[in-house]
Each structure stands twice: as C-alpha cells, then as structure tokens.
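A note on names: the letters A, B, ... follow the listed sequences, proteins ahead of strands, and every chain is numbered from 1.
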Protein chains: 2
Amino acid sequence: MSDTSEQEQPRRRQARGERRIAQLLTAAAQVFCTTGYTAASTNAIAREAGVSPGTLYQFFPNKEAIAVELGDRLMHEMRETYGEVLTPVDPATSLEEAVGSAVDRFMAFNTEHPVFFALMHGPDVPGRIADAHDQLHTTLIGRIEDLLASLLPRSSPADITRTAHVCLGVYKAGLELVLAHEGAERTAYVQEVKNVLTRYLQPLAGDRPGAA
Amino acid sequence: MSDTSEQEQPRRRQARGERRIAQLLTAAAQVFCTTGYTAASTNAIAREAGVSPGTLYQFFPNKEAIAVELGDRLMHEMRETYGEVLTPVDPATSLEEAVGSAVDRFMAFNTEHPVFFALMHGPDVPGRIADAHDQLHTTLIGRIEDLLASLLPRSSPADITRTAHVCLGVYKAGLELVLAHEGAERTAYVQEVKNVLTRYLQPLAGDRPGAA
DNA sequence: CAAGAATGCGAGCGACCGCTCGTGTTTGTC
DNA sequence: GACAAACACGAGCGGTCGCTCGCATTCTTG
C-alpha cells in the first residue's frame, strides 16, 4: 500500500532552477493580472518569462499548479507580513480604530499583490484554487465573526455571520474601487471604505468608545 | 457611399425562426449563468436549446452577437418594467425610503434575471459587451449622482462622484450575497444592503426627514 | 575530466472551440 | 402541386491551447 503512492520528492533542484521558478511565478502573476486565469496561456507565461514552454513544464506539472504555488506563496507572505490576520480583539480600541487598522492592513497587502485579488475574484478558477479560495473565505469570515462578536455584544450568532459576510463583501467592492484609482483619489476611496464599515457597524456596537 | 455599407435587412423571419431565437437566448442565458461567457461554448448553447450548431448560426453571426442580443433584450425589459431607472428626485421622501425603493427595484430585476449580473460582472466579456457594460455603468453612475446631488446638498461634485461609485459597488457586492441565499436569509441580506447604504449616506444628508 | 543529473529548447500532438458548408426538410405563395 | 425562401442538420475546417518528447546544453560530483 505504501509504495503504490508515488513520491516525487527525489527531484533535487539547483539554484538556477529556483531562480527559474521565481521568474516564472512573477511572469505568471503579471499575465494572470492582465488576462485572468483561464485566458492566460502557458505559452504566454513562458514567453513573458523569456523561456520555452518545455522549460515551464520542467518545474510545474500543469497550469493549475502554477496558480496554486503562486497562491500558496502569497498566503505565506501574507501570514508572515501581518502575523495573524485580524488580531482577535483589543477591548480598549474604538470601532473606528479597529476597522481602520484592519482595512489598512488588507489594503496594503492587496495593493502590493494585485494578483491575489485577480486569482480570488475571477469566476473562472478551477478546482484546487477554488478550494483554496473557499478555505480562505471561511477562515476570513470566522475571524471577522470573532472580531464582531466582541464589538457587537448584542447581536445573535446568525446576525453576526450575516454581518461578517456583508463586511467582507463591502471590503471586496471597496478594494476593486481602490485598485482602479491612484494617488489622492485612491486614498480617498480607502477612507470611504472605512466610513461605510464604521457607519454600518456603529449602531450595532455596544458602549464602545469613539461613538459619534 | 450608401451602397458600400451592407444592409442585411432582407432576411425575413418566420414564426418558427422567432421561436428558435427566443429558445436559443433562453438556453444561452442558462449556460452563461452557470459557466460564464467565455467558458460557454456555442455547441453547448445549441445542445441546451436542443438544436444543431448550424441552426444556431442561422440566427446569430457569432457568439458575441448572442450575448449582445441577450443584453439588449434585458436592457429593454428593464426600462419597460421600471420606466426610467432611479426616478430623479422626490423632495418629500426620506433617505431610507429613497434607498429602500431603489434597492428593491434593482434587486427584483436582478434576482429575476441572474444572467444580467453574470454578463456584467464577468471580467472575461469581449469588446461589444464590455462597451455596453461601460455605457450602462456610466449611465447608472450619472443617475446616482443626480439622486445624491439632491439628497446630499453639502457635498462637492468630486465627492458626489466618489460616493456614487461607492454606492454602486456596495450594491453589487450586496447583490452577490443576495443571489447566494434564498428565502428569509435572502430577505435579511436585502435589508442589510439598505442598512449599509442609508447609514453610509445619513451623515452626509442635509435636513432630510427620517434621520435617526 | 568524465558521467549523470538537472536544465533548456521548440516543433508538434491531441483535444476543444468557434464557425462553415453542402445537403435535406419545412413553410409560405401562386 | 411547384417553386423559392427559410429552417435544420452535423461532419469537419482552421486555429488555439495545454502539454509532451527527443535532444542539446549546463551544472554538480567524484
């Protein structure tokens, strides 16, 4: 039973190979960003990276694996940069501060890695990536629920869940607007996203500081 | 000059043809809804309609024309059902009433024609449809700006424009959530969308009735 | 420096997709 | 019923895309 499962580990990579992988992932990010996942051809990714199609398939078994590896690395960098997503609670912070810092963190990451949004938002992504997407989505919703549970003590669990989905949806919509603008206008949109969320949550909050 | 442009009008349709067209558009709506535009194959549409690929191309010059015609008919039905989108102003209505009625109208249309959202939301749609999408988007933003200009007299034009984009984005995000649920939960999400918008706009509103 | 492994190439295979075309069937008109 | 136009069919053409394979090159290792 144990030998029937193929382990493909004995593949020893050289430094050149690791460089090629990084190069290919960068190229893939570029192409995914501009054309989306399904429309992105592996030949185009190879061309963008300046290598042949055969070289690409030396390092990735198929097109999906490229996106999966890219997603994994982004996820890892996100966790590394921001520690744990959405620090659970801090009873002293106001609603505005909590929302503001959460939005700033996510916006910073997403504007620095636009591929993330492109991969997660596209309705075309196949099996494995959709799974990762759902998993991230569920995790995120859970975190937001925890955050909201402490911020909005008067709400029922079902209401908390619904509110969490609304918050995430609003954030995603705001992200799209933010990514579509630059400079001062972008900053203004970030502020608007914070406004929408704080004003939405304010009436639900208990005796929090910072109420208008 | 006048005869160089080809007029393809002399194509006289029989009742059977009109029926086939409606049948094909219904099938296309179904397929577009489940797979999106690009992933939808014309053969699949023909199969869904129970006809051969050749028959499909008897009535539509290409795949894009199917989506365009579908979009045109939806647009026409939207205008016919709701007269003009977003009745400009009514100085006596409260902010809650204005937001509530606008959201209800759009939600009713979009839940009855999920294709509309699928066609407008997909990042994959090609030229002509993207044009129609942009045109609708611009028109909608303009209407919302007009509405907001009378509701929020203290805001500058630039702020109005930004606020309009935020409102439309929030609505689209809410629509996605609404379409993902059914029954009582769906109703609850509709209410949440209204809550988000009213609470967002409330602090900007002048001496409107209905303020909390 | 040899030998083997890892890397690199690019023509091309198989599958699918948008679309066509030759042919046969149904419908409207006289 | 005769004739033409509209409708219907489905095999298949041209093109793209994901991916492979045979072979050349570069690196590592003893």
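- Summarising the geometry, the separation between NZ on A:K63 and C1' on D:dC19 is reported as 12 Å, rounded to the nearest angstrom.
- There is no side-chain donor-acceptor pair under 3.5 Å between A:Q135 and A:D131.
- Atom CG in B:L24 sits about 14 Å away from atom C1' in D:dC9, given to the nearest Å.
- Taking 4.5 Å as the limit, every side-chain heavy atom of B:Y200 sits out of range of all side-chain heavy atoms of A:Y200.
- Look at CZ on B:F59: it is 8 Å from C1' on D:dA8, rounded to the nearest Å.
- Summarising the geometry, the separation between CD on A:E48 and C1' on D:dC17 is reported as 18 Å, rounded to the nearest angstrom.
- Taking atom CD1 of residue B:I66 and atom C1' of nucleotide C:dC19, one finds them 11 Å apart after rounding to whole Å.
- Between A:E112 and A:T81 the shortest side-chain heavy-atom distance does not fall below 4.5 Å.
- Distances from the side chain of A:T55 to the nucleotides D:dC17, D:dA6, C:dC9 place C:dC9 closest.
- For A:S52, no side-chain nitrogen or oxygen approaches OP1 or OP2 of C:dG8 to under 4.0 Å.
- The CD-P distance, from B:Q14 to D:dC7, rounds to 5 Å in whole Å.
- A side-chain donor from one of B:Y171 and B:N110 sits under 3.5 Å from a side-chain acceptor of the other.
- At C:dT27, none of the side-chain N or O atoms of B:R16 fall inside 4.0 Å of OP1 or OP2 (strictly under the cut-off).
- Across all strands, B:N62 comes closer than 4.0 Å only to sugar-phosphate atoms, never to a base (heavy-atom distances).
- Of the residues near DNA chain C, A:Q58 and A:P53, the one whose nearest nucleotide (by heavy atom distance) lies more toward the 5' end is A:Q58.
- A:R13 has no side-chain polar atom (N or O) that falls below the 4.0 Å cut-off from OP1 or OP2 of C:dA6.
- Remark: P of C:dG18 and CG of B:L56 are 10 Å apart, rounded to the nearest angstrom.
- Residue-level contact check: A:A39 touches neither bases nor backbone, having no heavy atom under 4.0 Å from any strand.
- For D:dC19, neither phosphate oxygen OP1 nor OP2 lies less than 4.0 angstrom from any side-chain nitrogen or oxygen of A:T42.
- Taking side-chain N and O atoms only, A:Y57 has no distance below 4.0 Å to OP1 or OP2 of D:dT20.
- Note on B:G54: a base of the nucleic acid sits closer than 4.0 angstrom, heavy atoms only.
- At the heavy-atom level, B:A40 lies under 4.0 Å from the strands shown only through sugar-phosphate atoms.
- Inspection of the A:S101 and A:D104 side chains reveals no N or O donor paired with an N or O acceptor under 3.5 Å.
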